[in-house]
Amino acid sequence: MGRGPSIEGRKNAEDARRAKVFTKLIREITVATRSGAADPVANARLRVAMDRALAANMPRSTIHRAMHRGSGGSGGKTVRYEGYGPAKVALIIDGFTDNAMRTVADVRYTLVKHGGKLGTTGSVAFQFMRCGELVFATQGDAAMEDRVLEAGVAAGVDDVINEHGESTLLCAPEELESLQQRLAVTGLEPVHAGVSMRPMNRVTVVDASHKALLVLLERLHALDDVSKVYHNALLP
């Protein structure tokens, strides 16, 4: 009879998974700090990133080093790539790197391997709108959805979207901080807050292209230097 993984093997696998999670969280803290203030009170995106890191048991010293890096204390820069996935789905890929040549090579290789291709700057960006978003977990709770909707309407948000168990409030990027502060007074705290690139129109992807796109998105998210991937596909 075959034997299952050893205790050491399971521990190594868990350590590898934890390291991968930490890498993504560190990059998000770094990017959040660089895109706003190095103060979680004044920077909603940084505050949410720090909360996620603490929930994952990341040491505060690691969080502070990531903030120091994002505020210009060490090398690294934000990067953005545009391209296409299967069925010509538009993609915007954001990241943070200390070696842009390595990162673009990794992104290009991943795209080509999974039925996509790298585009030029501006090739797909016109299909997206830059906006601030606050995401609340509602999980089909009608009362919670109504609460978020009422608070959003009262605050003058641009739109409210309910999908995938979440309610998302959209606003102008420069209004994000003040909007979150006003909602916090009502007891509403988002699971995510930040500036996003939302597609103005979505395209339906079916059959083999749908499966290939899901694999591509998973592979792109798995790259260490990639922090966000935006697309205009209509997925279940």
For V135, what are the other residues in its hydrophobic cluster, where any two members join if their side-chain heavy atoms are less than 4.5 angstrom apart?
-> V191

Do F128 and V195 sit in the same hydrophobic cluster, where Ile, Leu, Val, Met, Phe, Trp and Tyr count as joined when their side-chain heavy atoms come under 4.5 Å apart?
-> no

pair P86-V205: side-chain heavy atoms closer than 4.5 Å = no

Derivation of the side-chain contact (heavy atoms from CB on, under 4.5 Å) call for T168 and V160 | CA-CA 6 Å; T168 302; V160 182; over 6 Å; no

Between K24 and H221, is there a donor-acceptor pair closer than 3.5 Å when you use the side chain of the first and the backbone of the second?
-> yes

Heavy-atom side-chain contact between R198 and I161 under 4.5 Å | yes

I29 to M58 - nearest heavy-atom pair and separation = CD1-SD, 4.4 Å

Salt-bridge test for R52 and E28: reply yes if a basic N is under 4.0 Å from a carboxylate O, no otherwise.
-> no

Is the backbone N or O of P40 less than 3.5 Å from a side-chain atom of R47, with the two atoms forming a donor-acceptor pair by type?
-> yes

One should read off an interatomic distance between L169 CG and Q180 CD, to the nearest 0.5 angstrom, of 10.5 Å

Same cluster or not: are V148 and V157 linked, directly or through other Ile, Leu, Val, Met, Phe, Trp or Tyr residues, by side-chain heavy atoms under 4.5 angstrom apart?
-> yes

Mind checking what makes side-chain hydrogen bond (donor to acceptor under 3.5 Å, both in side chains) contact with R80, not counting sequence neighbours?
-> D94

Stepwise, does the side-chain contact (heavy atoms from CB on, under 4.5 Å) test hold for M144 with Q139?
-> CA-CA 9 Å; M144 184 60 177; Q139 302 299 326; over 6 Å; no

Does a donor on one side chain and an acceptor on the other come within less than 3.5 Å for R27 and T30?
-> no

Starting at CZ of R147, measure out to CG of L183 and round the result to the nearest 0.5 Å.
-> 9.5 Å

Taking every heavy atom of L25 against every heavy atom of A53, the minimum-distance pair comes out as CD1-CA, 3.8 Å

Before giving the answer on side-chain contact (heavy atoms from CB on, under 4.5 Å), spell out for L223 and L220 the whole-Å C-alpha distance, their side-chain angles and the decisive distance to 0.1 Å.
-> CA-CA 5 Å; L223 295 176; L220 287 172; 4.2 Å; yes

To the nearest 0.5 Å, what is the distance between CG (L214) and OG (S209)?
-> 11.0 Å

Taking C-beta and beyond as the side chain, do S227 and F96 meet within less than 4.5 Å on heavy atoms?
-> no

Begin from the C-alpha positions of E133 and H192 and carry the test side-chain contact (heavy atoms from CB on, under 4.5 Å) through to its verdict.
-> CA-CA 8 Å; E133 63 177 23; H192 167 74; 3.6 Å; yes

Is there a side-chain contact between T103 and Y81, using heavy atoms and a 4.5 Å cut-off?
-> yes

Check the hydrophobic clustering (I, L, V, M, F, W, Y; side-chain heavy atoms under 4.5 Å; chains of links allowed) and say if V226 and L213 are grouped together.
-> yes

Taking side chain as C-beta onward, heavy atoms only, is S167 less than 4.5 Å from L149?
-> no

Side chain H164, main chain E166, donor-acceptor under 3.5 Å | no

Here the gap from L118 atom CG to L111 atom CG, rounded to the nearest 0.5 Å, amounts to 6.0 Å

Should the heavy atoms of other residues, nucleotides or ligands under 6.0 Å from CZ of R102 be counted, would the total exceed 12?
-> yes

Of all the heavy-atom pairs spanning L46 and M67, show the shortest one and how long it is.
-> CD2-CE, 4.0 Å

So which heavy atom on C131 is nearest to which on P173, and how close?
-> CA-CG, 3.9 Å

Measuring from L134:CG to S196:OG, what's the distance to the nearest 0.5 Å?
-> 11.5 Å

Does any non-hydrogen side-chain atom of V203 lie less than 4.5 Å from one of V89?
-> yes

Heavy-atom closest pair (E82 atom, A125 atom, distance to 0.1 Å) is OE1-N, 3.0 Å

With a 4.5 Å limit on heavy-atom distance, are the side chains of T33 and N43 in contact?
-> no

In terms of hydrophobic clustering (I, L, V, M, F, W, Y; side-chain heavy atoms under 4.5 Å; direct or indirect links), are I92 and L217 co-clustered?
-> no

Look at atom CE of M101 and say whether more than 12 heavy atoms of other residues, nucleotides or ligands are closer to it than 6.0 Å.
-> no

Report yes if the side chains of V104 and R108 come closer than 4.5 Å at any heavy-atom pair, otherwise no.
-> yes

Exercise: identify the closest heavy-atom pair between R45 and G194 = CB-CA, 4.3 Å

To the nearest 0.5 Å, what is the distance between OH (Y84) and CG (L91)?
-> 10.0 Å

V48 and I26: same hydrophobic cluster, using ILVMFWY side-chain contacts below 4.5 Å?
-> no

